[in-house]
Amino acid sequence: MAWQNHSLLMEFVFLAYPSHPEVRTLVFLGISLVYALVITGNVLIVLAIQREARLHTPMYYLLGSLSGEEVCYTAVVVPHMLANTLKTQKTITLLGCATQMAFLIGLGSSDCFLLATMAYDRYVAICHPLQYPLIMTLTLCVRLVLASIIIGFFLSVQLVAFIFSLPFCQVRGIKHFFCDAPPVMQLVCTKSHIHEYSVLVAATLAIAVPFFLITTSYAFIVSAVLRIHSSAGRSRAFSTCSSHLTVVLLQYGCCAFMYLRPSSNYSPRKDQLLSLVYTLGTPLLNPLIYTMRNKEMKGALKRVLTRNVLTQTNGIKPKTQISLQPSIAN
C-alpha cells in the first residue's frame, strides 16, 4: 500500500503511559529531571571542548560531535514524552509518527557510525602515532562526522518509507512511549517474513556494520598494545580506549536487543523499559563515563564553570590556557 492510500491525518494512540494522575506526575518529574541532566552534561562537554584550546584535537572533536548528537537524539523523543505524560489524549498523526521515527532512527544510526569513527581515531593514535597528526586532520574529522549523519539518515528514510508503505490494521494502539520500528511494525496487518527480513537488514546495516568496524579497530589496537614491553605503556594505551569501549558496549547492547531480533520475540513491557535506557540512560551516562575517566575533561569542565561564575559575578574574563600538544589520554 502506498503513502497516498494512508491518510496523513490518521492517528495512532500511545498505550504505555500511566493513567493514574499521581503516577503521571511522578513520571513527569522523573523524566524532566533526567532530561535536564542529559542536556546539561552534554552541553557542558560541547562548551568545554569548544573553549579549551588543549581539547582542540580529533578525539575531543569527535566526542563533542557525539554529545551534540545525543542532545538532538533526546530532543526528538523526550519533550513529546513529557507532553504525553500530562495529556489525556496521547495521540500522534501518521505523518508525525513517521517524522519522529525517521529522526529517531537516523540520529541513532549516526551515533553508531560515529562510535565507529571514534574507534578508528583510537586505532590511528595507538597503531600509527607518528602519522596521527597527518591522518586525523580536522578536514577528515568533519567529513567522517558528516558521512555518519548522511549514512544514518539515508538508512532511516529507507526503513521508514518501507514501514509506512505497509497497510495498518484498524486497531492503532502503539504499546510504547513513542514511534519506534518494532512497536509500529506490530500494527501492520500483513505479516510476512519478507517484511521482517527487510527491517532486519536495515537494522543490520545500521548496527552490525559499524560494530564490525569497531571490533576490527580494537583487534588491531589490542595487537599493537600487546607488543608494548612496559606495563605502564600498555596500561596507558588501554586507558585511552576504556571510556569509548564502555560507551560502545552500552549503546550496542541496547540496540542489538531492540532491533536485531525476530518480531516473534517482541515484548512490549521489556521494550518500554529498554526504550527508557537508550533514550535517557545512555545519553545521561555518556558524559559521566567520559568525564569520570578523563582528567583533561574534568579540568576543562571545572575551568568552564569557574569562568562562567566569575564572568557573571565579577565581570572577569579569565585567560584561556593554550596547549600545542594534542593529548590522546582518555
Side-chain angles (χ1 to χ4, degrees), residues 6-41 70-108 156 159-160 163-164 166-191 196 199 250 253-255 257-259 261-285:
H6 286 311
S7 170
L8 296 181
L9 299 179
M10 183 178 73
E11 291 186 335
F12 297 103
V13 181
F14 296 108
L15 304 177
Y17 292 91
S19 56
H20 297 289
E22 297 82 3
V23 178
R24 287 161 55 185
T25 302
L26 290 175
V27 170
F28 178 84
L29 293 176
I31 294 177
S32 298
L33 176 60
V34 176
Y35 186 48
L37 294 174
V38 168
I39 297 298
T40 301
E70 295 286 18
V71 171
C72 297
Y73 180 78
T74 53
V76 172
V77 173
V78 180
H80 189 255
M81 290 174 60
L82 292 172
N84 279 335
T85 302
L86 299 180
K87 287 195 306 183
T88 304
Q89 298 294 327
K90 310 173 196 317
T91 60
I92 188 171
T93 64
L94 180 142
L95 181 59
C97 186
T99 302
Q100 184 183 66
M101 188 187 297
F103 278 96
L104 178 73
I105 297 177
L107 290 168
S156 172
L159 177 60
V160 171
I163 291 176
F164 283 87
L166 301 174
F168 292 109
C169 301
Q170 292 299 318
V171 178
R172 295 178 184 137
I174 301 177
K175 298 178 181 180
H176 209 58
F177 299 110
F178 49 85
C179 288
D180 202 357
V184 172
M185 281 294 293
Q186 297 300 311
L187 304 182
V188 175
C189 287
T190 56
K191 301 298 182 181
E196 183 178 330
V199 175
L250 183 64
C254 294
C255 290
F257 182 83
M258 190 71 181
Y259 298 105
R261 60 175 182 179
S263 59
S264 57
N265 292 339
Y266 175 74
S267 173
R269 291 292 182 184
K270 290 181 180 179
D271 282 18
Q272 291 164 17
L273 179 61
L274 188 63
S275 69
L276 296 179
V277 175
Y278 66 76
T279 56
L280 287 171
T282 303
L284 175 64
L285 291 176

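Keep in mind that the numbers below use all heavy atoms, side chains included, and drop hydrogens, waters and symmetry copies.
When atom types are taken as modelled, the side chain of Glu11 and the backbone of Ile92 share no donor-acceptor pair closer than 3.5 angstrom. A donor-acceptor pair is defined here as one N or O able to donate and one able to accept, closer than 3.5 Å; such a pair exists between the side chain of Gln272 and the backbone of Lys175. When atom types are taken as modelled, the side chain of Lys90 and the backbone of Asn84 share a donor-acceptor pair closer than 3.5 angstrom.
Between atom CD1 of residue Ile31 and atom CG of residue Leu276 there is a gap of 6.5 Å, rounded to the nearest 0.5 Å. Here CG of Leu284 is found 6.0 Å from CG of Leu37. Values are rounded to the nearest 0.5 Å. Taking CE from Met185 and CZ from Phe168, the interatomic distance works out to 8.5 Å, rounded to the nearest 0.5 Å. Taking OG1 from Thr25 and CG from Leu86, the interatomic distance works out to 7.0 Å, rounded to the nearest 0.5 Å. Ile174 contributes atom CD1, which lies 4.5 Å from atom SG of Cys97 (distance to the nearest 0.5 angstrom). Put simply, SG on Cys72 and CG on Leu104 are 12.5 Å apart, with the number rounded to the nearest 0.5 Å.
Note on ring orientation: taking the six-membered ring where Trp is involved, the planes of Tyr73 and Tyr278 are tilted (angle from 30° to 60°).
Looking at Pro183 and Phe178, their side chains never come closer than 4.5 Å, going by heavy atoms from C-beta outward. Counting heavy atoms from C-beta outward, Leu273 and Asp271 have side chains that stay 4.5 Å or more apart. Side-chain contact between Phe28 and Met81: absent, with no pair of heavy atoms (C-beta onward) separated by less than 4.5 Å.
Atom NZ of Lys87 is surrounded by more than 12 heavy atoms from other residues, nucleotides or ligands within 6.0 Å.
What you find for Val71 and Ile39 is that their closest heavy atoms are CG1-CD1, 3.9 Å. Annotation for Ile163 and Val184: closest pair CG2-CG1, 4.0 Å, computed over non-hydrogen atoms. Across Leu187 and Gly173, no two heavy atoms sit closer than the pair CD2-O, 3.4 Å. What you find for Ser156 and Ile105 is that their closest heavy atoms are OG-CB, 3.7 Å. Shortest non-hydrogen contact noted between Val160 and Ala98 is CG1-O, 3.7 Å. Closest approach of Pro283 to Thr74, counting heavy atoms only: CG-CG2, 3.6 Å.
The aromatic ring centres of Phe12 and His176 sit 6.0 Å or more apart. Phe177 has its ring centre less than 6.0 Å from the ring centre of Tyr17.
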For Val188 and Cys169, what are the C-alpha separation, side-chain angles and deciding distance, and is it a side chain to side chain contact (heavy atoms under 4.5 Å, CB included)?
CA-CA 6 Å; Val188 175; Cys169 301; over 6 Å; no

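By the ring pair (Phe, Tyr, Trp, His ring centres under 6.0 Å) test, Phe103 is found to be paired with Phe153, residues two or more places apart in sequence or in another chain being considered.
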